[in-house]
There are 2 protein chains.
Amino acid sequence: MGITKSDLFSKKQNEIAAMAKAIGHPARIAILQYLAKTNTCICGDLVEELGLAQATISQHLKELKTAGLIQGSIEGASVCYCIHPGNWKKFREQFAGFFSDVNIQGGCC
Amino acid sequence: MGITKSDLFSKKQNEIAAMAKAIGHPARIAILQYLAKTNTCICGDLVEELGLAQATISQHLKELKTAGLIQGSIEGASVCYCIHPGNWKKFREQFAGFFSDVNIQGGCC
DNA sequence: GTTTTATATCGTAATATTGCGATAAATAAT
DNA sequence: ATTATTTATCGCAATATTACGATATAAAAC
């Protein structure tokens with residue numbers, strides 16, 4: 001149906017999946033890498049940088065903001081977007097945790 | 001349109017996004033955690049474990065297999081699925097790399 | 001005050017994902 | 001041989017995502 005049965009899974013499982021989904025698009029990866037590089041950014045740069053329409057970039061920025069990965073503050077007529085340091089760390093730890101919780105012993109097959 | 005403009009992004013950006021997408025669903029997180037715990041697994045267990053229909057589980061397993069995160073070998077009438085150790089490591093490293101490539105200095109706003 | 005600049009939001013189209021019943025295919029059990 | 005058991009695949013419906021033009025909004029520049 002296209003609707004995820006979130007209630008079947010634990011809070012943590014839904015959380016990890018949501019985090020993964022947030023970075024599950026190359027445009028959002030590119031945005032994050034660009035924000036990381038410049039450390040101060042306005043959306044206009046991204047439109048040139050990525051080659052997507054302004055509306056599309058804005059939409060991706062919104063998703064990253066909702067996920068908590070970036071934050072934006074109004075700077076005159078522009079908006080200054082940057083990475084949210086605290087949540088970035090949370091993401092890193094969440095993924096690191098997920099991938100190391102699993103101790104793989106050779107596999108079964 | 002629902003179609004991602006992959007050609008606008010680097011190979012690596014597309015790769016990271018695809019990896020994230022693969023684990024961007026709680027059912028797939030749950031499957032991976034379960035596989036990691038049991039280390040030997042058949043799909044039947046997952047149907048009971050997760051509460052999703054067999055067809056749905058099979059579909060998620062296929063996606064995980066396509067992403068390279070799991071592997072399956074035919075074991076009589078069943079299929080033994082398990083984590084693909086090498087690729088698991090690759091995923092871990094890819095995410096760790098992505099999150100630490102970014103050195104956050106306080107943020108800009 | 002009008003015009004430009006920067007960003008967000010709305011509406012819409014195209015495509016993707018999620019989920020499941022039904023059915024197929026292949027082995028195991030009887 | 002026939003009947004379970006196990007998994008994959010097909011077909012479909014519901015919903016989500018991606019993308020963009022058009023438009024709104026708000027500050028800056030003139």
Side-chain angles (χ1 to χ4, degrees), chain A residues 1-9 13-14 17-31 34-35 38 40-67 70-82 109, chain B residues 1-9 13-14 17-18 20-31 34-35 40-67 70-82 109:
Chain A
M1 300 160 193
I3 190 167
T4 294
K5 294 193 155 180
S6 313
D7 52 306
L8 290 178
F9 310 103
Q13 285 166 341
N14 281 304
M19 284 174 157
K21 214 171 179 181
I23 59 168
H25 192 286
R28 294 196 287 276
I29 296 289
I31 290 172
Y34 187 73
L35 282 181
T38 61
T40 299
C41 176
I42 49 169
C43 181
D45 291 353
L46 290 166
V47 176
E48 286 177 40
E49 188 77 5
L50 300 192
L52 287 170
Q54 184 266 323
T56 308
I57 304 270
S58 189
Q59 200 173 311
H60 282 302
L61 285 168
K62 194 181 177 186
E63 279 174 70
L64 288 171
K65 205 173 165 189
T66 301
I70 63 172
Q71 58 193 166
S73 64
I74 297 164
E75 197 82 36
S78 319
V79 175
C80 163
Y81 275 111
C82 63
C109 23
Chain B
M1 301 161 190
I3 190 165
T4 294
K5 294 191 156 182
S6 313
D7 52 306
L8 290 178
F9 310 102
Q13 285 166 340
N14 281 305
K21 213 170 179 184
I23 59 169
H25 192 288
R28 293 195 287 274
I29 296 288
I31 288 173
Y34 187 75
L35 283 181
T40 299
C41 176
I42 48 171
C43 182
D45 290 354
L46 290 167
V47 177
E48 286 177 38
E49 188 77 5
L50 300 192
L52 288 170
Q54 184 266 323
T56 308
I57 304 271
S58 189
Q59 201 174 312
H60 282 302
L61 285 169
K62 194 181 177 184
E63 280 175 69
L64 288 171
K65 204 174 165 188
T66 301
I70 64 172
Q71 58 193 164
S73 63
I74 296 164
E75 196 80 38
S78 318
V79 175
C80 164
Y81 274 111
C82 63
C109 25

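The figures here come from the full heavy-atom set of this structure, side chains too, leaving out hydrogens, waters and symmetry mates. So that the names make sense, note that chain A is the first sequence line, chain B the second, and so on, each numbered from 1.
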Between [options], spot the one nearest the side chain of [X], thanks.
{"X": "B/Leu61", "options": "C/dT9, C/dA22, D/dA8", "value": "D/dA8"}
{"X": "A/Lys62", "options": "C/dT9, D/dA16, D/dC20", "value": "C/dT9"}
{"X": "B/Thr56", "options": "C/dA8, C/dT9, C/dC20", "value": "C/dC20"}

How is [X] classified with respect to the nucleic acid when contacts are heavy atoms under 4.0 Å: base, sugar-phosphate, or nothing?
{"X": "B/Lys65", "value": "nothing"}
{"X": "B/Ile57", "value": "nothing"}
{"X": "A/Leu52", "value": "sugar-phosphate"}
{"X": "A/Ser78", "value": "sugar-phosphate"}

Quick one: is B/Tyr81 getting a side-chain N or O under 4.0 Å of the D/dA8 phosphate, OP1 or OP2?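 For B/Tyr81, the contact criterion (side-chain N or O under 4.0 Å from OP1 or OP2 of D/dA8) is met.
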So, OP1 or OP2 of D/dT17: does either fall under 4.0 Å of a side-chain N or O from A/His60?
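So the side chain of A/His60 is outside the cut-off, no N or O lying under 4.0 Å from OP1 or OP2 of D/dT17.
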Rounded distance in Å - [atom1] ([X]) to [atom2] ([N]):
{"X": "B/Phe9", "N": "D/dT18", "atom1": "CZ", "atom2": "P", "result": "11 Å"}
{"X": "B/Leu50", "N": "C/dC20", "atom1": "CG", "atom2": "C1'", "result": "15 Å"}
{"X": "B/Leu64", "N": "D/dA8", "atom1": "CG", "atom2": "C1'", "result": "15 Å"}
{"X": "A/Glu75", "N": "C/dA8", "atom1": "CD", "atom2": "C1'", "result": "18 Å"}
{"X": "B/Leu46", "N": "D/dA8", "atom1": "CG", "atom2": "P", "result": "11 Å"}
{"X": "B/Asp45", "N": "D/dT5", "atom1": "CG", "atom2": "P", "result": "15 Å"}

How many angstroms lie between atom [atom1] of [X] and atom [atom2] of [Y], to the nearest 0.5 angstrom?
{"X": "A/Asn14", "Y": "B/His25", "atom1": "CG", "atom2": "NE2", "value": "9.0 Å"}
{"X": "A/Phe9", "Y": "B/Ile29", "atom1": "CZ", "atom2": "CD1", "value": "10.5 Å"}
{"X": "B/Ile57", "Y": "B/Leu50", "atom1": "CD1", "atom2": "CG", "value": "4.0 Å"}
{"X": "B/Ile23", "Y": "A/Lys21", "atom1": "CD1", "atom2": "NZ", "value": "13.0 Å"}

Need to verify one output field. Residue with the more 5' nearest nucleotide on DNA chain C, A/Ser6 or A/Val79?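 Whichever sits nearer the 5' end wins; that is A/Val79.
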Problem set entry | Within-4.5 Å side-chain heavy-atom neighbours: A/Lys65 and A/Ile70 |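 They are in contact (side-chain heavy atoms under 4.5 Å apart), so the answer is yes.
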- Message: Heavy-atom nearest nucleotide on DNA chain D for A/Ala53 versus A/Ile74: which residue maps closer to 5'?
- Response: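 The answer here is A/Ala53.
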Residue met sooner reading DNA chain D from 5', once B/Ala77 and B/Lys21 are mapped to nucleotides
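Between the two, 5'-proximity favours B/Ala77.
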- Message: Any donor-acceptor pair, under 3.5 Å, between the side chain of A/Gln59 and the base of D/dC20, if you only look at N and O atoms?
- Response: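 Flag set: donor-acceptor pair detected.
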| message | On the side chain of A/Gln54, is there an atom forming a donor-acceptor pair with the base of C/dA6 - under 3.5 Å, no angle test? | response |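 Checked by distance alone, the answer is no.
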